[in-house]
Amino acid sequence: DAGVIQSPRHEVTEMGQEVTLRCKPISGHNSLFWYRQTMMRGLELLIYFNNNVPIDDSGMPEDRFSAKMPNASFSTLKIQPSEPRDSAVYFCASNLGEGVVEQYFGPGTRLTVT
Amino acid sequence: AQSVAQPEDQVNVAEGNPLTVKCTYSVSGNPYLFWYVQYPNRGLQFLLKYITGDNLVKGSYGFEAEFNKSQTSFHLKKPSALVSDSALYFCAVRDLTGGSYIPTFGRGTSLIVHP
């Protein structure tokens, strides 16, 4: 299994531009999580999908952030417009969502907004 | 509600010495506890978990953790540290009382193993 796949691995953009981060979960997993990691705030959960449906988006910072999961094998996290304070590493993770199961994390996307 | 605390931002240990990374938790119901490790420029990797049963849980890379219900702790341990163990370690807790599948992560502890 290839594991959780994220793209791009690095993104540098200017303030005000739209940014789209992509994630392919492990085949067969029905839960998907988007996290943001910064030195100041640590690891923050942004949104959680189960069976492609957003279950908890209380961690999404503001309306500039949106996430979709059109099918079981693909999810996007979009920031529009981007701001310098959005600079962080964004992780996608997946698991079976049932029982006591660990999460499998992707390698992350390092976003820098200048 | 569920929460987890990792009281140490950094732990330093000499290679070959035993190591302990501390974690305490708070849940309403039964705790399900996890440890993850993050190497530089990588995602988090699962190390071990506690569900029920034996309080001593063994995991990957020679790590183990001890569940202590009275002290609400789940400390990560290894008898003999390696320089390659240097990484960021995260404790996570999940409380199934409300049927949530969302774990809460600690802020992480940086483990530095000196040669």
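Since the model is a prediction, treat every value here as computed from it, not as a measurement. Excluded from the calculations below are hydrogen atoms, water molecules and symmetry mates; all remaining heavy atoms, backbone and side chain alike, are included. So you know, we letter chains A, B, ... as the sequences are listed, proteins then strands, and number each from 1.
- Atom CG of A/Asn71 sits in a crowded spot, with more than 12 heavy atoms from other residues, nucleotides or ligands closer than 6.0 Å.
- The distance from atom CZ of A/Arg9 to atom CG of B/Asn41, rounded to the nearest 0.5 Å, is 8.0 Å.
- Residues B/Gly43 and A/Phe91 approach most closely at CA-CE2, 3.4 Å, considering heavy atoms.
- In the hydrophobic cluster analysis, where Ile, Leu, Val, Met, Phe, Trp and Tyr join through side-chain heavy atoms closer than 4.5 angstrom, A/Tyr35 is grouped apart from A/Ile47.
- The side-chain heavy atoms of B/Ile102 and A/Ile55, taken from C-beta on, include no pair separated by under 4.5 Å.
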Given side chain to side chain contact (heavy atoms under 4.5 Å, CB included), test A/Leu43 with B/Gln38 step by step and report yes or no. CA-CA 12 Å; A/Leu43 193 66; B/Gln38 184 181 27; over 6 Å; no

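- A donor-acceptor pair under 3.5 Å is formed between the side chain of B/Arg107 and the backbone N or O of A/Met40.
- Residues A/Tyr90 and A/Val4 do not share a hydrophobic cluster, defined by chaining ILVMFWY side chains whose heavy atoms lie under 4.5 Å apart.
- Only the side chain of A/Phe33 comes within less than 4.5 Å of a heavy atom in chain B; its backbone stays farther off.
- For B/Gln45, no part lies under 4.5 angstrom from a heavy atom of chain A.
- B/Phe63 and B/Tyr39 fall within the same hydrophobic cluster, where Ile, Leu, Val, Met, Phe, Trp and Tyr residues are linked whenever their side-chain heavy atoms come under 4.5 Å apart, directly or through other members.
- In the hydrophobic clustering of this structure, B/Val21 does not group with B/Leu56; members are Ile, Leu, Val, Met, Phe, Trp, Tyr whose side-chain heavy atoms approach within less than 4.5 Å, directly or through other members.
- Annotation for A/Arg64: atom CZ counts as buried by contact number, over 12 foreign heavy atoms lying within 6.0 Å.
- Atoms CZ and CG, on B/Phe46 and A/Asn95 in that order, are 11.0 Å from each other to the nearest 0.5 Å.
- Side-chain contact between B/Phe105 and A/Gln103: present, with at least one pair of heavy atoms (C-beta onward) separated by less than 4.5 Å.
- Atom CD of B/Gln10 has more than 12 neighbouring heavy atoms from other residues, nucleotides or ligands inside a 6.0 Å radius.
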